[in-house]
Amino acid sequence: MPGAGEHLLSERSAGVSLSRIRKLLEHAATIKDPINLTIGQPDFPVDDKLKSAAVRAINSNLNGYAISRGYNPLVRACERHIARDLGWPFGGDADPSLIVTSGTSGALLLAILSLLNPGDEIVLPDPYFIAYPAMARLGGATAVYCDVHPDFRMTAERVEPLITDKTKAVLFNSPSNPGGVVLDSGACGELAELCRERGVILISDEIYDEFTFDEGRTERAADPSLGLRCPSPARRDGAHEHTLVVRGFGKTYGVTGWRLGYATGPAWLIDSMLKMQQYTFVCPPTPLQAAAVEAFEVDVTRHVSTYERRARMVVDGVGDLTSVAKPHGAFYAYVEIPARLGSAEAFVDRCVENKLLVIPGTAFSRRDTHIRVSLAAPDETIARGVEVLRRLLSA
């Protein structure tokens with residue numbers, strides 16, 4: 001029965017529904033010994049260096065507000081990293097700017113609030129990270145979906161027909177959630193050039209940039225000592241004038257609860273996001289910002305290799321029975337459900353009956369054809385999940 005005050009809720013609130021992932025997690029609590037392959041939260045412990053740095057910051061009384069742009073030593077550390085990786089300059093009037101945010105979701109929301117008016121359009125990939133369409137609605141804008149099935153590559157060729165005089169931004173994600181697909185260097189360059197030519201902002205969500213597998217690392221960083229990196233549309237001359245890069249600490253270093261990300265791009269856009277941050281999040285947690293200064297010295301190579309091995313477990317385990325986009329990064333495998341087995345939603349119900357929890361593709365797409373399998377679980381859990389998937393896919 002509707003609550004007595006529901007008529008007071010905004011249309012904005014009514015247009016956004018609860019995540020299916022959260023609902024499945026609630027259901028998991030009722031199952032004995034579930035095979036939980038749902039949420040994309042790293043399952044490795046936080047590096048002791050980061051934990052010690054957080055404790056030191058708290059004991060040093062860094063517990064008040066930071067300025068809204070971010071704790072200055074962290075801002076400088078992020079700028080140095082971006083300069084080494086992307087070759088972006090900092091310090092001049094025409095150079096990019098940078099802001100530390102409350103997670104990458106915080107950065108994306110600040111960008112949406114800064115860029116979009118009711119009636120504006122933003123191009124999103126389909127499938128997408130679940131928050132993208134909701135954020136577009138919160139900004140009052142229209143989400144225009146770029147269907148990237150079956151290879152999950154958001155290319156300029158696919159995006160170009162969708163850009164109109166109402167388009168303000170294109171939102172791009174590589175490595176992608178839910179597919180773990182990495183766009184190659186050439187395709188990244190073409191997408192960046194398209195957005196530049198059409199005068200729209202390219203928002204490059206690079207939350208998984210450090211979690212790119214060896215096969216996906218094909219582009220040289222500006223600083224050769226960094227070695228091969230995940231291709232980025234921002235690693236181009238002048239890209240800082242029309243590209244907003246969003247990166248984070250939570251997924252990379254296992255500190256998702258710290259809610260720390262950062263965004264860098266044109267100063268006019270970052271300045272607007274700074275205003276929005278002042279009146280919403282204010283600032284991310286100061287002692288955790290201080291701790292994150294140490295993050296760029298933490299080596300996560302071993303963890304990335306672990307997820308690469310787990311991705312192979314899923315692809316090798318069910319790839320002979322159905323189509324699986326080969327992940328080159330992130331924590332996920334996106335598995336197609338053959339049409340003879342019905343909808344992916346119905347397939348997930350059968351998985352639940354077998355204590356296997358996975359996410360239906362309808363959480364990420366307008367299509368009901370796939371499921372997302374999280375790799376952020378112990379090897380033995382993934383092996384049990386693959387066994388159930390093989391049995392059900394062979395039915």
Please report the shortest heavy-atom distance between H242 and A192, naming the atom on each side.
-> CE1-O, 3.5 Å

Is a donor on one side and an acceptor on the other found under 3.5 Å between the side chain of T286 and the backbone of L62?
-> no

Return yes if some donor-acceptor pair links the side-chain N/O of N177 with the main-chain N/O of A330 below 3.5 Å, else return no.
-> no

Common cluster, V55/W258, ILVMFWY with side-chain heavy-atom separation under 4.5 Å | no

State plainly whether one hydrophobic cluster holds both I58 and L260, where clusters connect Ile, Leu, Val, Met, Phe, Trp and Tyr through side-chain heavy atoms under 4.5 angstrom apart.
-> no

Can you tell if the side chain of S232 reaches within under 4.5 Å of the side chain of L86, non-hydrogen atoms only?
-> yes

Indicate, with yes or no, if the rings of H370 and F152 have centres closer together than 6.0 Å.
-> yes

So, for T252 and F211, which heavy atoms are closest and what is the spacing to 0.1 Å?
-> O-CE1, 3.4 Å

E190 vs E157 side-chain heavy atoms within contact, under 4.5 Å | no

Check the surroundings of atom CD in E297: do more than 12 heavy atoms from other residues, nucleotides or ligands lie under 6.0 Å from it?
-> no

Are V373 and L389 close enough that some pair of their side-chain heavy atoms sits under 4.5 Å apart?
-> yes

Identify whether V246 and V123 are in the same connected component of the hydrophobic contact network (ILVMFWY, side-chain heavy atoms under 4.5 Å).
-> yes

Are F296 and F90 connected, step by step, through hydrophobic side chains (Ile, Leu, Val, Met, Phe, Trp, Tyr) whose heavy atoms are closer than 4.5 Å?
-> yes

Got a donor-acceptor contact below 3.5 angstrom from the T243 side chain to the A239 backbone?
-> yes

Identify the heavy atoms of V293 and A77 that sit nearest to each other, and give their distance.
-> CG1-CB, 4.5 Å

Does Y307 have its ring centroid less than 6.0 Å away from the ring centroid of F213?
-> no

First locate atom CD1 of I203, then atom CG of N173, and finally report the distance between them rounded to the nearest 0.5 Å.
-> 11.5 Å

Without swapping roles, check the side chain of K251 against the backbone of G40 for a donor-acceptor pair under 3.5 Å.
-> yes

To the nearest 0.5 Å, how far apart are CD1 in I67 and CD in Q289?
-> 9.0 Å

Residue pair N354 / R350, side-chain donor-acceptor N/O under 3.5 Å = no

Anything under 3.5 Å between a donor and an acceptor, one on a side chain of residues 128-145, the other on a protein residue two or more places apart or in another chain? List them.
unit_1: Y132; atom_1: OH; unit_2: D205; atom_2: OD2; d: 2.5
unit_1: R137; atom_1: NE; unit_2: G15; atom_2: O; d: 2.7

Would a 4.5 Å heavy-atom cut-off, applied to side chains only, mark P96 and I270 as touching?
-> no

T212 side chain to D209 main-chain N or O, any donor-acceptor pair under 3.5 Å?
-> yes

Out of curiosity, M273 CE to T280 OG1, how far, rounded to the nearest 0.5 Å?
-> 10.0 Å

Assign the ring pair F364 / Y334 to parallel, tilted or perpendicular, where the plane angle (0 to 90°) is split at 30° and 60°.
-> perpendicular

Hydrophobic cluster membership, L115 vs F172, 4.5 Å side-chain cutoff = yes

In terms of side-chain geometry, is the basic nitrogen of D320 or R390 positioned less than 4.0 Å from the acidic oxygen of its partner?
-> yes

Would a 4.5 Å heavy-atom cut-off, applied to side chains only, mark V181 and R153 as touching?
-> yes

Between L74 and F249, does a side chain to side chain contact (heavy atoms under 4.5 Å, CB included) hold up when you go through it step by step?
-> CA-CA 12 Å; L74 181 57; F249 298 93; 3.9 Å; yes

4.5 Å side-chain heavy-atom contact, V315 and P327 | yes

From N36 atom CG to D43 atom CG, the distance as rounded to the nearest 0.5 Å = 11.5 Å

What's the verdict on salt bridge (Lys or Arg N to Asp or Glu O under 4.0 Å) for R196 and E193, showing C-alpha distance, side-chain angles and the deciding distance?
-> CA-CA 5 Å; R196 186 194 66 79; E193 181 62 17; 2.5 Å; yes

Rounding to 0.5 Å, atoms OG1 (T381) and CG (L357) come to a distance of 11.5 Å

Should we count NZ of K168 as having more than 12 external heavy atoms under 6.0 Å?
-> yes

Could you tell me whether R236 and E219 have a side-chain N and a carboxylate O separated by less than 4.0 Å?
-> yes

Cut-off 3.5 Å, side chains only: do E206 and S204 have a donor facing an acceptor?
-> yes

Side chains of L98 and Y262 in contact at under 4.5 Å (non-hydrogen atoms) = yes

Look at atom CG of N117 and say whether more than 12 heavy atoms of other residues, nucleotides or ligands are closer to it than 6.0 Å.
-> yes

CD of E336 to OG1 of T322: how many Å apart, nearest 0.5 Å?
-> 5.0 Å

Heavy-atom closest contact (V46 atom, K51 atom, distance) | O-CE, 3.3 Å

Just wondering, are more than 12 heavy atoms of other shown residues or ligands nearer than 6.0 Å to NZ in K166?
-> no

In terms of side-chain geometry, is the basic nitrogen of E387 or R384 positioned less than 4.0 Å from the acidic oxygen of its partner?
-> no

Could you check V314 against L37 for side chain to side chain contact (heavy atoms under 4.5 Å, CB included), going step by step and ending with a plain yes or no?
-> CA-CA 11 Å; V314 176; L37 301 179; over 6 Å; no

Apply side chain to side chain contact (heavy atoms under 4.5 Å, CB included) to the pair Q41 and F331, showing each step before the final yes or no.
-> CA-CA 8 Å; Q41 176 166 272; F331 313 137; over 6 Å; no

Please assess T306 against F44 for the test side chain to side chain contact (heavy atoms under 4.5 Å, CB included), listing each intermediate value before the final yes or no.
-> CA-CA 10 Å; T306 296; F44 55 82; over 6 Å; no

By side-chain contact (heavy atoms from CB on, under 4.5 Å), Q278 pairs with (sequence neighbours left out) S68, L274

Which pair of non-hydrogen atoms, one from A376 and one from I39, has the smallest distance, and what is that distance?
-> CB-O, 4.1 Å

Heavy-atom donor-acceptor pair, R310 side chain to L375 backbone, under 3.5 Å = yes

Closest non-hydrogen atoms of A57 and P287, given as atom of the first, atom of the second and distance, are CB-O, 3.5 Å

Any side-chain hydrogen bond (donor to acceptor under 3.5 Å, both in side chains) pairs touching residues 85-102, not counting sequence neighbours?
-> R69-S97, D85-R229, D85-R235, D85-R247

More than 12 foreign heavy atoms under 6.0 Å from CZ of R12: is that the case here?
-> no

E210 side chain reached by V304 side chain, heavy atoms, under 4.5 Å = no

